[in-house]
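Here the structure is laid out as structure tokens; the discussion comes afterwards.
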Amino acid sequence: MIELDKAYDHSTVEEKIYKMWETSGYFNPDKLPGDRKQPYTIIMPPPNANAPMHLGHALFVTIEDILIRYKRMQGYKTLWQPGTDHAGFETQVVFEKKLEKEGRSRFKMQREEFYKEIWEFVQSNKHITENGLRRLGASCDWDRNIFTLDPEIVRIVYATFKKMHEDGLMYRGDRIGNWCFKHQTALSDLETKYEERVEPFYYFKYGPFTIGTSRPETKFGDKYVVMHPNDKRYAQYKNGDTFEAEWINGSIKATIIKDEAVDMEFGSGVMTITPWHDPVDFDLAQKHKLDKEQIIDKFGKLLPIAGEFAGMKNAIARPLIVEKLKNKTLLVKVDENYKHNVNVCYKCGAIIEPQIIPQWFVAMAKPLPDGRPSLRDMAINAIKNKEVEIVTEKFEKIFMHWMENLRDWPVSRQIWWGIPIPVKYCVDCKEVIVDTDDSIKVCPKCQSPKLEKDQDTFDTWFSSGQWPYATLMANDVKRGTKDFENYFPTQVMETGWDILFFWVARMVMMSYYRTGKQPFEKVYLHGLVRDKDRQKMSKSKGNVIDPLGVIDTYGCDALRFALIFSTSAGNDIPLAEDKIKGMKHFANKLWNIARYILANVSVPIPPLAEGGLGGVTDADKEILTKLNQTIKNTTVHLDNFRLHEAAQEIYQFTWHELADIYVEASKKQLADETLKENTQKLLLHNLINIIKLLHPFMPFITEELWGILGQADLLGRHDLLIIEKWPIV
RNA sequence: GGGCGGCUAGCUCAGUGGUAGAGCAUUUCUUUGACGUAGAAAGGGUCGAAGGUCCGAUUCCUUCGCCGCCCACCA
């Protein structure tokens, strides 16, 4: 007879069990036993290779691992495709901070040198991330592990770029975009945020008009004054009229533009425009075909047009310019309490300066040359037709709303850590040459050998947006598999709602574009893990829970169960250490149920599946009914992504039915010779079933107990629990 | 400005057209051999407010009140 320790000790179990799984090969769908035909695939959202483990990792691993383990037990050919992400901008920002601490800067480095260092930095952190996933119990197929900068992936990304370029969806445009001075790169709208500021709002005399602005330092070149066509005050002026206006650095010849974009109620109801540095002004200038002039350079300094202010940072120049205008008696009044939103970089908080800098864009609303709808419309249709379903419908609404207002996507970044844009420009004839393997040495149009490489890299999301098919296609090249054929489209994409637009939307669009199919059938979105007061966890608040530390203290299973226990899809998750502790108690409860059964049951009940199990006493009948209900409900909940309800169901049964009631009843029944054998069978039957039901949630303790039951000769023939059959009622 | 969501026990949250649920916390009792990381018992909620539909509403509809989030953004 095997006697268990009085308490479950996770520290002696987890590493051993994980190794057992990994060497078994069962993470790899090709090595799963039995004749498995139906695939079930989840592409793991690749964690940033450089990011330290946080609870977000623990949450996504737990959810995806539950789904995968569940389906594996149900006999599916399960592939959970892991990978890590170079995370272009994110990683470069982290690395630049590191350089800053060392008193260095990328702007004083060679590009190759910088790239090499950051590559090594990422490679060394990558293993830490991957081992963290192992400690969380992730049953993903490490044989297929892949990195976003692997050459096979890059080739697929380039092929997409080339096709988009040929199809006229990828274009290089002189459009206004967000510019971060600190990082010296363009950013998409998603990568900026608004902050409320109170700043002075100035009214200046401009010829016969009074104009309002919060940014006098951009106004040097302003030579268009815009007013509403219905503005009765200025009915005597016509569109295109000109006049002389005394301005900051002398007299300016100004032109009147009438446009309904002007709000007569705001400010003075009249404005001058700065098309190079303001999106609204830019649109107006495009519409009326007006000149555009750059006032501020890429570093936030005023250009020579600013006269004596040239070379100054705009913030320093502003009060001086106001002072000068005041001395020229052009300052009318100042509103000191003007509250407005300022666009800032989401990483560093530096003010974003709109700039016209040539960037590559993907057309979102342009129909495809092969007759298919635009990228945007394909994604909208996918949701409407339910080819892609987002779990919890509210996100479908949010998704649609965003999609319908989508603008073209700028995909070039002026950063170095990323996939270079595979384009060369002919110095002589300006031809744009797409060269995905660096093989073109002379201009195909004018034969000039003077070619310049595009210096930019892709937005990370341009490559990760292709991740579902790119990983599978890359596997096929690297490993000679038929993964794309076998596993695409995938079944579930599980990720945080915060990257619904960044990532999920892009994956849907690009997948339809490249493969004609949806990348995944379901999207399950999880929330943010917060502390018990619903505060976001952050280092500065000191409320961060380190998942690996928690695993050391309470065990991985306890952490997983706590994360999943009272959360529904899409809602943020408050997690306190108490909760994890409570779930450790639950693991211990399960352990002790097994301990009791091992001490009291000596006969195996082969063949388990072939019945012979019936209730004799009321307690017997009751527990069998409840067990069957639990199996049924758990299965239905899992099928509908209600993981928390499934967890609660099992918890309730295990503790409050099996332990509290039946185990107690069994003590008397075991003493009665006429009931003894049947009671033993029922105890074992219940234990085996809850171990199976719990396995996706608490993989370590269940696998350990399974092994012990096997050693005690209570299971008949058995393999690892990870591939046992899911109970069926 | 547009959109989405929440409001249920002290706390954190599930759930439901038919007499309200869990975990934690609180109180009392119990050291009988599965487990004191436990067991037994108890207290605690007009399910945000008002109206409507219904035999019946915490659940469906409307309005309102707080709270939160997303998107857009005014010179």
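Not measured: the values here are computed from a predicted model. Just so you know, these numbers use all the heavy atoms, side chains as well, and skip hydrogens, waters and symmetry mates. Order of the sequence lines sets the chain letters (A, B, ...), proteins ahead of strands, with each chain counted from 1.
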**OP:** Any strand is fair game: report the nucleotide pairing with B/A38 by Watson-Crick or G-U wobble, both distances under 3.5 Å, or none.
**Re:** B/U30
Original post:
Which nucleotide in the list B/A14, B/G2, B/A34 gets nearest to the side chain of A/His401?
Top reply: B/G2
Original post:
Going by atom types only, do A/Gln355 and A/Gln294 share a side-chain donor-acceptor pair under 3.5 Å?
Top reply: yes
Original post:
Among A/Val344, A/Asn178, A/Ile351, whose side chain to side chain contact (heavy atoms under 4.5 Å, CB included) with A/Thr192 holds?
Top reply: A/Asn178
Subject >> Complementary nucleotide for B/G17 - Watson-Crick or wobble, under 3.5 Å >> reply: none
**OP:** Please work out if A/Val226 contacts a base, only the sugar-phosphate, or nothing of the nucleic acid, heavy-atom cut-off 4.0 Å.
**Re:** nothing
Original post:
Quick one: A/Ile593 CD1 to B/A34 P, roughly how many Å, whole number?
Top reply: 13 Å
**OP:** Could you check A/Gln680, A/Lys676, A/Glu677 and say which one makes a side chain to side chain contact (heavy atoms under 4.5 Å, CB included) with A/Val601?
**Re:** A/Gln680
Original post:
Between A/Met264 and A/Glu645, which is nearer to the 5' end of RNA chain B once each is assigned its nearest nucleotide?
Top reply: A/Glu645
Original post:
Which base sits across from B/A57 as a Watson-Crick or G-U pair, both distances under 3.5 Å?
Top reply: none
Subject >> B/A9 and B/G21, which share atom name P, separated by this distance in whole Å >> reply: 14 Å
Subject >> Spacing of the C1' atoms in B/C7 and B/C47 (rounded, Å) >> reply: 10 Å
Subject >> Minimum-distance nucleotide to A/Asp660 side chain [options: B/C35, B/A40, B/C73] >> reply: B/A40
**OP:** Round to a whole Å and report the spacing from CZ of A/Phe395 to P of B/G3.
**Re:** 19 Å
**OP:** Return the value, rounded to whole Å, for the distance between atom CZ of A/Phe501 and atom C1' of B/C70.
**Re:** 6 Å
**OP:** Whole angstrom is fine here: how far is it from CH2 in A/Trp402 over to P in B/G5?
**Re:** 20 Å
**OP:** With heavy atoms under 4.0 Å as the rule, sort A/Lys339 into base, sugar-phosphate or nothing.
**Re:** nothing
Subject >> Between B/U27 and B/U63 - C1' atom distance, rounded Å >> reply: 43 Å
**OP:** Using a 4.0 Å heavy-atom cut-off across all strands, classify A/Ala659 as base, sugar-phosphate, or nothing.
**Re:** base
Original post:
A/Asp278 side chain: which of B/C74, B/G39, B/A34 is closest?
Top reply: B/C74
Original post:
Nearest-Å distance, CG (A/Asn405) to C1' (B/C73)?
Top reply: 13 Å
Subject >> Given B/G23, B/C73, B/U37, the nucleotide with the shortest approach to the side chain of A/Tyr651 >> reply: B/G23
**OP:** Please evaluate the base of B/C73 for a donor-acceptor partner in the side chain of A/Asn341 within a cut-off of under 3.5 Å?
**Re:** yes
**OP:** Look at all strands and tell whether A/His656 reaches a base, only sugar-phosphate, or nothing, counting heavy atoms closer than 4.0 Å.
**Re:** sugar-phosphate
Subject >> Separation between the P atoms of B/G6 and B/G43, rounded to whole Å >> reply: 32 Å
Original post:
Is A/Glu195 salt-bridged to A/Arg197, going by a charged N under 4.0 Å from an acidic O?
Top reply: yes
Original post:
Does the side chain of A/Lys6 get closer than 4.0 angstrom to OP1 or OP2 of B/C35 through an N or O atom?
Top reply: yes
Original post:
Hey, would you say the A/Phe399 and A/Phe395 ring centroids sit under 6.0 Å apart?
Top reply: no
Original post:
Once you round it to whole Å, what is the distance between P of B/G5 and CD1 of A/Ile573?
Top reply: 19 Å
Original post:
Base, sugar-phosphate alone, or nothing: which one does A/Gly527 contact when heavy atoms must sit under 4.0 Å apart?
Top reply: nothing
Subject >> Residues A/Arg215, A/Asp278: salt bridge by 4.0 Å N-O rule >> reply: no
Subject >> Any-strand Watson-Crick or G-U partner of B/A72, both distances under 3.5 Å >> reply: none
**OP:** For nucleotides B/U58 and B/A50, find the distance between their P atoms and express it as a whole number of Å.
**Re:** 10 Å
Original post:
Nearest of B/A34, B/G23, B/C73 to any side-chain atom of A/Tyr596?
Top reply: B/A34
**OP:** Quickly work out the A/Asp281 CG to B/C73 C1' distance and round it to whole Å.
**Re:** 13 Å
Original post:
Which nucleotide in the set B/A38, B/C73, B/C4 lies at the smallest distance from any side-chain heavy atom of A/Ile398?
Top reply: B/C4
Subject >> For atom CZ of A/Phe282 and atom C1' of B/C74, their distance in whole Å >> reply: 19 Å
Original post:
Quantified in whole Å, what is the C1' atom distance between nucleotide B/C54 and nucleotide B/C61?
Top reply: 12 Å
**OP:** Quick one: look up who B/A49 pairs with, Watson-Crick or G-U, both distances under 3.5 Å, and put none if it's unpaired.
**Re:** B/U63
**OP:** Between B/A14 and B/G1, how far apart are the C1' atoms? Round to whole Å, please.
**Re:** 36 Å
Subject >> 5' precedence on RNA chain B between A/Glu265 and A/Glu664 (nearest-nucleotide basis) >> reply: A/Glu664
**OP:** Please work out which of the three classes, parallel, tilted or perpendicular, describes the rings of A/Phe209 and A/Tyr234, given edges at 30° and 60°.
**Re:** perpendicular
Subject >> Lys/Arg N to Asp/Glu carboxylate O, A/Lys626 vs A/Glu622, below 4.0 Å >> reply: yes
Subject >> Residue A/Asn588, side-chain atoms from C-beta onward, closest of B/U37, B/G3, B/C69 >> reply: B/U37
**OP:** Measure from the side-chain heavy atoms of A/Lys397 and tell me the nearest of B/G5, B/C35, B/G39.
**Re:** B/G5
Original post:
Of the candidate nucleotides B/A34, B/U37, B/A14, which contains the atom at the shortest distance from the side chain of A/Lys589?
Top reply: B/A34
Original post:
If we take the P atom in both B/G10 and B/C69, what is their distance in whole Å?
Top reply: 25 Å
